[in-house]
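Structure record follows, encoded as structure tokens.
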Amino acid sequence: MRVRVVFLALCAGLMSLSCSLDNRVEVKSPNGELKYELYVNDQGRLSYELSLGQAKLINESKLGLEAAQSRLSIENVKIVDKKIIEVDEVWNAVWGQNKRIKNNYNQLVLDLITSKGLQFQLQVKVYDDGVGFRYKIPEQTGIDSIFITDEKTEFNLTQNGTAWSIPANFDSYEMLYQTTKIDEVKGANTPVTFKTNDGVYLSIHEANLTDYAGMTLQNTGGTNFEANLVPWPDGVKVKAKGSLLTPWRTITISKNAVGLVESNLIQNLNEPCVLENTDWIEPMKYIGIWWGMHLGVETWTMGPKHGARTENMKAYIDFAADHNVQAVLAEGWNTGWENWGKARAFDQQTPYADFDFDEVVRYANAKGVELIGHHETGGDYIYYEECMDKAFSMLRDNGIRVLKTGYAGPIPNGHYHHGQKMVQHYRKVVEKAAKYNLMIDAHEPIKATGISRTYPNMMTREGARGMEWNGWSEGNPPEHYVILPFTRCLGGPIDYTPGIFDILYKNRKEYTKWNSNDKGNSRVNTTLAKQLALWVCLYSPLQMASDMVSNYKDQPAFEFFELLPADFDESKVLLAEIGDVYSVARRKDKNWYIGTITDENRRSVELDLSFLEDGKKYMASIFEDGDNANLENNPTDINIRKVEVDSKTVLSVKMIESGGQAVAIVPVVN
Ligand code: NOJ
Ligand code: CA
């Protein structure tokens, strides 16, 4: 790591900064293009601005925190000291879309004091691809409890443009993205993505959300947004003892949509890995007893249609063993589903009578297949925290390394899923899981803010309108998939669970409607080829093929999942137009995998394969929309072909409405 002290001194007497020393500081990105300016105006108000080259992106935007005890509020401030250093390092990820991550930024640490004597810091890191800034109230005499009642951080965009957002919500991220003008966004969950009229792409989010309330954005007029934190039941937003460190407020910036996706800003703004041994952490592909319940042909509860029966589980294990799938999930394996909605409903240690846990463990072991544990909590985090140690021990003692968690239901006592209490809980689960060598896949999670860098056992999470919605609602529209990579996925991996092959539910028999969103018109609004491509496009280190195995039997298209690795060394975005089209290539060793998808429009695109090694011959297995494919009534028609390619090849991709193409490329060995 290279750390260069650019400027270190008490501000008094130093005149090397461009503006008046007392109230204005600027930090530029390493390439000099991005400029973050901080200043205190005559009223003592701390603000920032942001520009890219000559263009201002963010106009005067307030900074500050409001506390219940007014002497702890961050207002009426004065700059005391400042320090700027440059850091240029590379770190290796345990897993990910890229193994080597460049972390190069200029950091400003600004010491300030309020008129009431509160000392605090503003820390800023300016990268070539964006900025992060956060507040720190260090320990100081006279401060015990801190109750933050409001965060004043603003993001005052200079320009209107296009926004891709989901509404601000304190309990859920499972909404469809709306494409609107920026000034039409009333409120938003983050990450939220903007494209200004000048064509600059910005994503506002947060990094390292560890012990604070989740941030939503509220429009305060025009294109100005203010942080709106998720409250405790008593209205306070954040409670801290002695000191406070907020998450980073982040703005990822790029001149094209590719740059948003390829940015590592969020991970870079998290602490390095704290686990001494990460050998047990391993990306995997999985299948499981899951879709049958969402389709209404199986149940989580025990009864005539119970999904998680020993025999059914063995069939999944057999399929996994035969098809290069490392792991199998079973939902509804434990007692308590009949009490869903009540307190202390789920017993995470007692299997249903028709699920012979010991036999399933034995069978999976014998077949060399891993099991994925499942703990639905219904939102009852209190009871879960009581049981966690025992439930985690049971998994570890049976050699289970992966755990899917769920919080489908209200949080007790008026808390929200995204409030500080739950942020603390989700973090507690990850830390405890690490002690039991468990990898986590969280559903109804807190948003992804990059903590996987610190705790790489935090593998993946939902936090989006995922596949399940297709089972019991009108389904996610075609363009959902070409918005996710530029919005939700900028936070981190997504457990969307692609891979439904029976797209029109032709094999669904004796189904029982169970979800009130179900209007009887459910389906998956993509082609089969697009389902395959999503395994590449929607990155997850635990990647699921989500259909029932009966729908994979004798399906040549399943070969693509067999070929696909769960982990990659490098990724390159080949095409990116938000809401229209997306194509990404990922490398594992010498093999490449490409996923290309389109929205509701049919589209022909060309992919330049110049990323392949020069002079080498490769064989590409191509899975594409068939000649007779039709989104309405023949979405499963697929064409599978093999063709030799090299670094000079330009691959033509023809996609029908909501279609796609998936490609696996391996070197030809002579
Ligand atoms: C919602 C989760 O997203 C889904 O995957 C799971 O099957 C149900 N809750 C039940 O736990
Ligand atoms: Ca579109």
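All values derive from a computational prediction rather than experimental measurement. All ligand and atom numbering here is 1-based and tracks the order in the structure.
When hydrogens are left out, the protein atom nearest atom 3 (O) of ligand 1 is His443 ND1, 2.7 Å; that is the closest non-hydrogen contact. Remark: minimum distance from atom 4 (C) of ligand 1 to any protein heavy atom is reached at Glu468 OE1, 3.2 Å. Of the protein's non-hydrogen atoms, the one nearest atom 6 (C) of ligand 1 is Glu331 OE1, 3.3 Å. The nearest heavy-atom contact from the protein to atom 11 (O) of ligand 1 is Glu376 OE1, 2.6 Å.
At least one test fails for Lys588 against the ring of Phe568: distance under 6.0 Å to the centre or angle within 45° of the axis. Both tests pass for Lys285 against the ring of Phe561: distance under 6.0 Å to the centre and angle within 45° of the axis.
A distance of 9.5 Å separates CG in Asp347 from NE2 in His375, rounded to the nearest 0.5 Å. Rounding to the nearest 0.5 Å places CE of Met467 at 11.0 Å from CG of Asp495. Interatomic distance, OG of Ser172 versus CZ of Arg465, reported as 9.5 Å (0.5 Å rounding).
Side chains of Lys447 and Thr449 form a contact here, defined as non-hydrogen atoms less than 4.5 Å apart.
Between Trp514 and Trp472, the two ring planes are perpendicular [angle over 60°; tilted spans 30° to 60°]. Ring geometry, Trp337 versus His374: the interplanar angle falls under 30°, so the pair is classed parallel (tilted spans 30 to 60°).
Looking at Trp340 next to ligand 1, no N or O pair under 3.5 Å apart turns up. Checked against a 3.5 angstrom limit, the closest N/O atoms of Trp300 and ligand 1 fall outside it.
Near His294, the atoms of ligand 1 lying under 4.0 angstrom from a non-hydrogen atom of the residue are 4 (C), 6 (C), 7 (O). Listed by number with element, the atoms of ligand 1 under 4.0 Å from a non-hydrogen atom of Glu462 are 3 (O). Proximity to His374 (heavy-atom distance under 4.0 Å) selects the following atoms of ligand 1: 11 (O).
Taking 4.0 Å as the cut-off, Met293 does not count as a neighbour of ligand 1 on heavy-atom distance.
Only side-chain heavy atoms of Trp337 come within less than 4.0 Å of ligand 1; its backbone N, CA, C and O stay farther off.
Of the candidates Lys404, Glu444, Glu174, Lys404 brings a heavy atom nearest to atom 5 (O) of ligand 1.
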